[in-house]
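This report concerns only the one structure given below.
We name chains A, B, ... by the order of the sequence lines, and we start the count at 1 in each one. What you are looking at is a predicted structure, and each value in this text was computed from that prediction instead of being measured.
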Amino acid sequence: MEKRGFTIVKNILSIFFLGLIFACSTRIPPAVIEAYEACQYDKAAATLKKKADRQDKDTVLYQLALLSTSMRSADWNLMEKSFNAASQVMWSYAGKGKGTASLASSEAIKIFKGEPFEKAMASIYGGILYYNRGELDNARAAFAKSLLAMAQKKIENRQDFALGYFLQAKTFLRLGDVDNAKIALGKAEKVYPYGKSIFDLDRLKSSNVIFLVEVGQGPLKKRAGPGDSLVEWQRRSYPETSAVIFENQQPLLNPVEILDLTAQARSKGKTGKDTVQTVKGVTREAATATAIIAAGEAAKGNETAGWVALGAGLFAAANQSQADVRQWEFLPDKMLVSAKHLEPGQYQFRVRYVDHGQSDLTGMDQMWNYTVTNDSSTIFLVPRTRCKVNPWIGGRK
Amino acid sequence: MKKTLSILFLGLLVGCVAKSNRVGVDTDEPFSDTETSSKDLVVVSEEMVRSLLQLPQISKATKPPRIAFSDVKNETNEILNKNLFIEKMRTLLLKNAAGKMVFLDREISSDIEKERAAKRSGSVTSSSSKTKSGADFFLTGKLSSIDKQSGGKRSTYTRYAFRLTDAESTDILWEDEYEVKKVGKAGLYDR
């Protein structure tokens, strides 16, 4: 009888192990992250392309990583391709079968489409590319999409994406739609009331360079709650708190905050899916406890307890409650913004990051040359990296 | 137990096999969202062409009018190839009403300029010289939308409007529209 009880426990453990394999959320391979951080963007892109081409449930995860990688390596064609490929799935209703199954089994088996803030950020990057290429209709559409993505959040937080409103306003102004620009700026100002000068309509209208400065590393998606069934977003630590923009060695601008992605991630609110996940988590924990207690009884020779242990164990194994923690790894935590009108001519810009004590953070400077012409209007996206990158998205390599 | 696990594994593997099917261009994708689809492109273009061919300035013209494109304005919230509709309309018109109108190819005008210059300089052969045609009409359009999203629910109203404008007088000779409203709801798992 003891042998029989042992066999039952062994089987339960096997099923648990199997279940754990199925429950694993896909992560970007560490080698890709290492290559990305070591400025080996082509190497990172090669692996990501292969994985994205598989067209499986994780395609969007890899396409978003590819979007970031190609943006750093100034491969604008690849950037546009990965943006479009990711958007197509993120905004579709694809994967109903896997999605429904994920409610009963592991959440990570569903097609990854990103959180509202991830969808919004993809649209922001895509919009910047179109803006700098002069495709203003597409830029406006992309910035509008970033705001639509936020409408998936709980009702009181749906209009808090100031970055989307700001960039939409600038695009409206370039398209001659002053009324809508004013409305969009008003909404941005509600989120960041201190940014009055940034949200001034006339100032934004006359500006021909916009600096977006990325700060920190995006929030970390972690499991929490009963049976690890829910998600919580943790702000990562990083040394820089602000930045100063220099022009020809002279301080030019002090950009102000316009985006906080940790706050965005946390403000989604509870959904029906969270309720299902919680129920799964609670029942899984109960089933696991039952299986362990019953297995103990079975080992003492109680045959009924053996069957109970088996049933509870199978239920716990099938009911994979662990939350899906797939996430876009290469996002910043915050973004700062500044806009200015510059007379035509040659400029050398430098962005210097500073820490809490306003001390320079060496090694993180970004420096680039740019020629302002009579009709130029450019958004620079300055990444937080120790690598030398081109902040002129869509511009020359 | 081993057998059960093997069957379970096999079932999962079968579900992972990739597949692709050829479907008609006028069908909506099974995973479709609320945005413009190939079905919209086909339906809109066909309707517009039917409507345009009823215009007396075209159907009763003694000399085929010359038509040039002017960029379509995309005011929707989706990123799309905005000239796809008028290009599809041109194809349908040329296929079904050849000789009733002439389309001017302004897309390759720089190539044409170079070729003309080469011909006139004698660096390439030339059979005859012609004056470049001017447009009698401009065909253009505007795509607009109203999008609403609330939680997992989304609706998109899209209006596809096209017009033919006299290239001399700016008179709008013809305009027609097609409206579509699509609603979608994300599954519980996608919220």
[X] [atom1]: over 12 foreign heavy atoms closer than 6.0 Å:
X	atom1	value
B:K182	NZ	yes
B:E179	CD	yes
B:I108	CD1	yes
B:K60	NZ	no
B:E168	CD	no

[X] versus chain B, heavy atoms under 4.5 Å apart: side chain, backbone, both or neither?
X	result
A:S123	neither
A:K268	side chain
A:Y130	side chain
A:I111	backbone
A:V276	side chain

Smallest separation among heavy atoms of B:T34 and A:Y93, with atom names: CG2-OH, 4.2 Å
Taking every non-hydrogen atom, the tightest pair across A:S102 and B:Y189: OG-CB, 3.7 Å
Selection from A:N84, A:T271, A:L147, A:N138 maximising heavy-atom pairs under 4.5 Å formed with chain B: A:N138
CA sep, side-chain torsions, deciding dist, call: A:K145, B:E78, side-chain contact (heavy atoms from CB on, under 4.5 Å): CA-CA 7 Å; A:K145 266 278 164 60; B:E78 61 179 303; 4.2 Å; yes
A:K110 side chain vs B:D190 backbone, donor-acceptor pair below 3.5 Å: no
Residue, of B:K82, B:K185, B:E35, that accumulates the most heavy atom pairs under 4.5 Å with chain A: B:K185
Leading residue by heavy atom contact count with chain A [cutoff under 4.5 Å; candidates B:G152, B:A186, B:G187]: B:A186
Derivation of the side-chain contact (heavy atoms from CB on, under 4.5 Å) call for A:Q152 and B:S150: CA-CA 6 Å; A:Q152 279 182 275; B:S150 178; over 6 Å; no
Step-by-step side-chain contact (heavy atoms from CB on, under 4.5 Å) determination, A:R140 to B:N77: CA-CA 7 Å; A:R140 187 199 44 72; B:N77 289 328; 3.5 Å; yes
The single option from B:I79, B:L143, B:N74 passing side chain to side chain contact (heavy atoms under 4.5 Å, CB included) against A:D137: B:N74
Quick check on [X] against chain A: is it the side chain, the backbone, both or neither that has a heavy atom closer than 4.5 Å?
X	value
B:E75	both
B:T76	backbone
B:K73	both

B:R154 side, atom CZ; A:L148 side, atom CG - distance, nearest 0.5 Å: 7.5 Å
